[in-house]
Amino acid sequence: MIKYLFLFLILVSTAVLADDGSRLWLKYDLLSDGQQREAYTKMTQFVASNSSHPTVKVSIQELEMGLKGLLGKTPLVVKTATKTGGIILTVVPNSPSTTASDGFDLFTEKGNIVISSQSEVGVLYGVFELLRHIQTGKTITKLSISSSPKIKLRMLNHWDNANGTVERGYAGSSMWKWNELPFRIDPRYIAYARANASLGINATSINNVNASSRFLTDEYLEKIKAVADVLRPYGIKVFISVNFRSPRTLGGLKTSDPLDPEVRKWWNEKTKEIHRYIPDFGGYLVKANSEGEPGPQDYGRTHADGANMLAEAMRPYSGIVIWRAFVYNADPKGDRFKEGYAQFKPLDGMFDPKVIVQVKNGPIDFMPREPFHPMFGAFPKTTLGMEFQITQEYLGQSTHLTYLAPMFKECLDSDTYAQGKGTTVAKIIDGSTENHTLSLMAGVANTGSDANWCGHPFNQSNWYAFGRLAWDYTLSPEQIAEEWTRMTLTRKPQSVQKITDMMLKSHPIYVSYTYPLGTSHMMGEGHHYGPEPWLTKAARPDWTSIYYHRADSIGLGFDRTGKVSNALQLYSPEVQQLWGSHDKCPLDYLLWFHHVPWSHKLSTGRSLWDELCHRYYDGVGQVGKLQTAWESVKSDIDTETFENVKGRLKIQEREALWWRDACVLYFGEFSKLLIPKPLVPPTRTLDEVKKLTEIYHLR
Ligand code: GCU
């Protein structure tokens with residue numbers, strides 16, 4: 001009998017634990033420590049609010065759901081607090097508080113917890129902060145927090161298409177069910193809104209930047225309106241990516257020339273029409289004259305002409321125009337590194353105040369490690385926004401564990417020296433350096449139809465980290481990882497520590513077995529997965545690998561110091577000094593800027609060739625350590641999640657080896673040097689490794 005009871009208990013506990021990841025970090029599972037639970041319950045017996053605003057309503061709902069889950073007790077909802085031991089939500093417009101309009105104060109006063117803001121959405125953010133405190137086990141007895149977002153527009157960019165596919169999406173198909181909208185509202189839209197609001201994300205562009213004009217038709221505007229209505233109470237504004245040729249394709253005009261009066265009229269009317277559906281429409285996001293997309297240059301006009309035309313259409317409304325700087329011409333003799341800067345530099349000061357120019361973190365394209373984009377700090381008269389990529393196009397997609405907060409931070413903390421030491425990229429994009437009124441941090445979303453939204457369970461942490469950093473870029477990757485782990489995976493201190501450690505090491509590990517020492521762009525053609533350093537021919541020279549690594553009998557790396565491209569000159573003199581000589585340049589960026597001889601001694605004491613090999617081998621070895629660390633937390637992790645990650649780590653190990661062997665064997669053909677001892681040479685030949693890549697192309 002006892003045996004059966006035992007079995008029953010095991011079954012029950014497994015059933016409770018099985019977790020498909022769909023709740024993301026908003027798990028709200030019952031706190032296991034009874035004493036702690038009781039302490040929290042005493043302070044959260046009721047919620048008092050006399051507002052019927054939809055945002056306050058969802059704030060109360062969230063508190064009810066969160067507290068019921070975490071503490072096992074639903075708080076009473078009252079209009080005014082008549083006793084102590086509750087949570088008071090108050091909106092005080094024009095309050096003397098120092099927080100921004102969507103910031104909040106969270107404090108303990110006369111035996112109650114008060115969440116106060118100048119706006120309803122600030123209250124919602126405060127509610128999530130309080131719940132995060134409880135979820136992560138922090139004390140709530142003496143709260144005294146004032147929090148304001150450092151960046152005004154904190155935005156996800158979806159690269160989702162009307163047909164349900166997602167460009168560079170690795171978590172199933174699109175989460176937007178265009179065929180069902182506007183009639184059926186998938187409950188996941190609300191879950192999505194909650195997740196974003198919990199981080200302070202307040203904007204979303206719902207479709208691919210390689211945009212279809214279809215999103216501007218009445219049929220689609222009605223669908224987008226339905227989405228906007230769901231997201232509105234959560235403080236999230238909707239943006240649409242637009243195709244610059246829409247006046248022709250949709251409006252039947254002969255041209256889409258931004259200086260043509262008919263074209264301008266068309267955009268004015270379209271913008272007015274959108275506002276009839278969505279009165280608080282966020283604005284347009286535009287990819288123009290980039291990778292074959294149409295744009296103003298098709299008519300001999302500039303990016304500023306195009307952006308300003310749309311800004312003019314937006315003039316009567318609160319919305320804005322986000323214009324991407326990701327542009328580059330196919331010039332075999334040029335250097336793609338310099339393209340965005342070169343095309344936009346003459347336009348600094350010419351953009352309408354309603355325009356933000358959105359710049360990728362680095363000058364090429366979301367490589368696993370890039371130096372910061374030289375536009376940051378060099379465009380004082382233009383509002384520059386940041387574009388990070390949360391989806392892991394070049395970072396292991398959904399099979400490699402790669403926590404991106406350290407990479408985001410590396411860029412944000414980089415010093416541009418634009419106004420002397422300390423003018424970091426973060427200070428450029430928050431608008432403080434040049435007193436810009438708008439500011440933006442966008443992240444290309446990694447969400448999809450997968451039950452757990454993001455594919456790899458750990459990929460959720462990148463959505464989380466992006467949002468947390470957009471709110472406050474001074475948070476440390478460690479703090480964010482720890483928080484996310486406690487909310488998502490386990491609260492057991494030892495395991496939290498081990499998982500945080502795994503996460504913090506994961507990006508350097510990934511870089512080590514793919515792109516060590518500042519190499520870049522050597523991935524499989526088209527799908528951008530796995531290694532293909534031998535890629536010599538593609539539709540454009542700057543889509544090959546040899547364009548970037550420049551391996552030859554002498555050495556490796558792209559000399560950008562003057563002799564070939566002089567891209568280094570785009571940076572301030574201080575940065576040029578830091579990166580300009582191959583003896584001083586930090587090793588992480590070395591081959592971005594220098595063509596270094598194979599036998600040149602690096603600061604590590606090893607030659608370039610030896611160091612390169614060591615890094616590839618070390619990266620693979622470290623994946624083994626990630627596996628061991630994951631094994632050691634097994635007892636504290638939900639079984640389904642544990643097995644899921646375990647399986648993906650095995651794939652990661654196999655593919656780290658693929659990268660290592662491909663790169664050391666291929667570069668060895670140039671260096672003509674042996675794999676240094678005690679490293680053991682690959683057991684397969686370069687041709688065998690190339691076959692693996694060919695097979696991948698067959699898929
Ligand atoms: C990368 C990516 C494309 C995307 C482009 C962009 O090149 O591979 O799929 O469209 O970036 O950011 O516009």
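As the structure lists them, so they are numbered: ligands from 1, and atoms in each ligand from 1. Being a predicted model, the structure only gives us computed values, none of them experimental. Heavy atoms only: backbone and side chains are in, while hydrogens, waters and symmetry mates are out.
- Considering backbone and side-chain N/O of Asp365, one or more are found under 3.5 Å from N/O of ligand 1.
- Among protein heavy atoms, atom 13 (O) of ligand 1 sits closest to Lys287 NZ, 2.6 Å.
- Around atom 12 (O) of ligand 1, the closest heavy atom drawn from His528, His527, Arg324 belongs to Arg324.
- Contact annotation: for Asn210 versus ligand 1, heavy atoms closer than 4.0 Å belong to the side chain alone.
- Close approach to Arg168 involves these atoms of ligand 1, each under 4.0 Å from a residue heavy atom: 2 (C), 3 (C), 8 (O), 9 (O).
- The residue from Glu167, Gln389, Glu387, Lys360 that puts a heavy atom closest to atom 11 (O) of ligand 1 is Lys360.
- The part of Tyr394 lying near ligand 1 is the side chain, judged by heavy-atom distances below 4.0 Å.
- Within the cation-pi definition used here (under 6.0 Å to the ring centroid, within 45° of the axis), Arg188 does not qualify as a partner of Tyr192.
- Every atom of ligand 1 with a heavy atom of Phe326 under 4.0 Å away is listed here by number and element: 5 (C), 6 (C), 7 (O), 11 (O), 12 (O), 13 (O).
- Looking at residues two or more places apart in sequence or on another chain, you find no side-chain hydrogen bond (donor to acceptor under 3.5 Å, both in side chains) involving Thr519.
- Among all non-hydrogen protein atoms, the one lying nearest atom 5 (C) of ligand 1 is Glu291 OE1, 3.3 Å.
- Protein heavy atom in closest approach to atom 8 (O) of ligand 1: Glu393 OE2, 2.5 Å.
- Residues Phe215 and Trp178 place their aromatic rings such that the two centres sit under 6.0 Å apart.
- Classified by interplanar angle (parallel below 30°, tilted 30° to 60°, perpendicular above 60°), the ring pair His521/Tyr394 is tilted.
- Ring geometry for Phe337 against Tyr571 counts as perpendicular: the plane angle is over 60°, on a 0 to 90° scale with 30° as the lower cut.
- Considering only residues two or more places apart in sequence or on other chains, Tyr299 meets the ring pair (Phe, Tyr, Trp, His ring centres under 6.0 Å) condition with none of them.
- A parallel orientation is assigned to the rings of His303 and Phe344, their planes being inclined by less than 30° (bins at 30° and 60°).
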